[in-house]
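Okay, so here's the structure we're looking at.
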Amino acid sequence: MANKVALVTGASSGIGEAAAYRLHRKGFTVFGAARRTDRMERLAASGVRTLSLDVTSETSAERAVAEIVAAEGRVDVLVNNAGYGSYGALEDVPPDEARAQLDVNLFGLARMTRLVLPHMRARRAGTIVNVSSVGGRLATPLGAWYHASKYAVEGLSDALRLEAARFGIDVVVIEPASIRSEWGAIAAGRLRATSGRGAYAEQAEAMARILETSSRPGGVISSRPAVVGDAIAEAATARRPKTRYRVGRGSGSMIMTRRLLRDRAYDALMKRGVRLPG
């Protein structure tokens, strides 16, 4: 992988940090990007180059890609990992927060992709890795806008794969299950703040406890970010990568269960699993 260049968004923690480490160890010149560069000091110490990037800002995104191209002349791999989970009952989530969720998880991903595509087309080679979720294939309660963003990432990726193939560009979707990171605790906090009182309070508390469990070290229902980093590195280095990588404990079985069950049966299973009232 000598001289190949990778850009990883959302690299300050969790999956993005793990992916940046793995790609660096594979021999890539890696640029780890996030809004807070102070949280990437360990990456920088390991040899990963760090960049300030807000994927919701056209100016910030253009500057980041231009800096990489000026320094290295190319972008071979883009890992679209930046994202967060905005949880709350649809009735409770303010419209501005719904737009913010889509702006980061979907439009930010599309913005970065649009900026690197001309450089990949010019070389007639490249790999775009979009970090989705099992939540892009099935839904949980009180996550309407999060799931909407990830379902959209799945559809965008499928369309882009068809468009970009003739230019030698691969498009890969990563579908992690629960991963031990700060993501779950942050999502739980947002959920309690949004729907912790009122008509959805009991549901919100049940879901918040599950989200928090996914963040705990050693949790039996979650996996380490490193397993996703490994999958991303595999996709980035494969001559013919898979279109989708289901990663983490239970990811494959969860997606298969949703595919096999009718809607009402899935709803009933989800209510029992989450211990929802009603």
Nearest heavy-atom neighbours spanning S57 and S60: OG-N, 3.1 Å
Flag side-chain contact, heavy atom, 4.5 Å: I186 against Y84: no
Residue among M254, K150, R246 satisfying side chain to side chain contact (heavy atoms under 4.5 Å, CB included) with V134: M254
Under-4.0 Å salt bridge between R192 and E212: yes
Side-chain donor/acceptor of T194 to backbone N/O of D92, under 3.5 Å: no
Pair E67-R63, salt bridge (Lys or Arg N to Asp or Glu O under 4.0 Å): steps then yes or no: CA-CA 6 Å; E67 182 174 335; R63 184 185 301 120; over 6 Å; no
Full working for side chain to side chain contact (heavy atoms under 4.5 Å, CB included) between R49 and V30: CA-CA 6 Å; R49 304 185 195 182; V30 180; over 6 Å; no
Atom CZ of R39 with >12 non-hydrogen neighbours under 6.0 angstrom: yes
Side-chain donor/acceptor of D76 to backbone N/O of A6, under 3.5 Å: no
Note: E17-R42 ion pair, threshold 4.0 Å (strictly below): yes
Ring-face cation of R124 near F167 (centre distance under 6.0 Å, axis angle within 45°): no
S251 side chain vs A177 backbone, donor-acceptor pair below 3.5 Å: no
Heavy-atom closest contact (A208 atom, A188 atom, distance): O-CB, 3.5 Å
Interatomic spacing from CG in N3 to CZ in F28 - rounded to 0.5 Å: 11.5 Å
Heavy atoms of other groups near R35 CZ, more than 12 under 6.0 Å: no
Donor-acceptor contact below 3.5 Å, side chain D170 vs main chain T127: no
Identified side chain to side chain contact (heavy atoms under 4.5 Å, CB included) counterpart of S132 within the set V153, N105, N80, L109: V153
Stepwise side chain to side chain contact (heavy atoms under 4.5 Å, CB included) check, L117 with I169: CA-CA 9 Å; L117 276 171; I169 300 168; 3.8 Å; yes
Contact check, side chains of V65 and M112, non-hydrogen atoms, under 4.5 Å: yes
E91 and Y200 side chains, donor-acceptor separation under 3.5 Å: yes
T37 side chain reached by L51 side chain, heavy atoms, under 4.5 Å: no
Side-chain (H119) to main-chain (V69) donor-acceptor, under 3.5 angstrom: no
Distance (rounded to the nearest 0.5 Å) between Y87 OH and R190 CZ: 12.5 Å
Spatial distance of atom CZ (R111) from atom OG1 (T56) [nearest 0.5 Å]: 6.5 Å
Interatomic spacing from NE2 in H147 to CD in Q101 - rounded to 0.5 Å: 10.0 Å
Flag for S157-N130: side-chain donor and acceptor within less than 3.5 Å: yes
Lys/Arg-Asp/Glu bridge criterion (N-O < 4.0 Å) met for D230, R25: no
In one Ile/Leu/Val/Met/Phe/Trp/Tyr side-chain cluster, 4.5 Å: L211, V93: no
Lys/Arg N to Asp/Glu carboxylate O, D158 vs R244, below 4.0 Å: yes
Spatial distance of atom CZ (R137) from atom CD1 (I255) [nearest 0.5 Å]: 5.0 Å
Check: R264 side chain, D267 main-chain N or O, donor-acceptor pair, under 3.5 Å: no
Flag side-chain contact, heavy atom, 4.5 Å: I232 against R22: no
Shortest non-hydrogen separation from A33 to L7 and the atoms involved: CB-CD1, 4.0 Å
CA sep, side-chain torsions, deciding dist, call: M207, T140, side chain to side chain contact (heavy atoms under 4.5 Å, CB included): CA-CA 9 Å; M207 272 303 301; T140 57; 4.1 Å; yes
Stepwise side chain to side chain contact (heavy atoms under 4.5 Å, CB included) check, Y146 with S133: CA-CA 10 Å; Y146 172 71; S133 166; 3.3 Å; yes
Distance (rounded to the nearest 0.5 Å) between S46 OG and M40 CE: 11.5 Å
E97 and S86, any side-chain heavy atoms less than 4.5 Å apart: yes
Transitive ILVMFWY side-chain link V227 to V8, under 4.5 Å: yes
Which atom of E175 lies closest to which atom of E154, heavy atoms considered: OE2-OE2, 2.8 Å
Least distance between heavy atoms, L78 atom then M120 atom: N-CE, 4.0 Å
V75 reachable from L160 in the ILVMFWY side-chain graph, under 4.5 Å edges: yes
In one Ile/Leu/Val/Met/Phe/Trp/Tyr side-chain cluster, 4.5 Å: Y245, V173: no
Side-chain (S195) to main-chain (L191) donor-acceptor, under 3.5 angstrom: no
W145-Y151 aromatic ring centre distance below 6.0 Å: no
Option passing side chain to side chain contact (heavy atoms under 4.5 Å, CB included) with V247 (candidates I15, I179, I174, V131): I174
Co-membership, hydrophobic cluster, residues L102 and L90, 4.5 Å side-chain: yes
Closest contact, heavy atoms only, A82 versus V55: CB-CG1, 4.1 Å
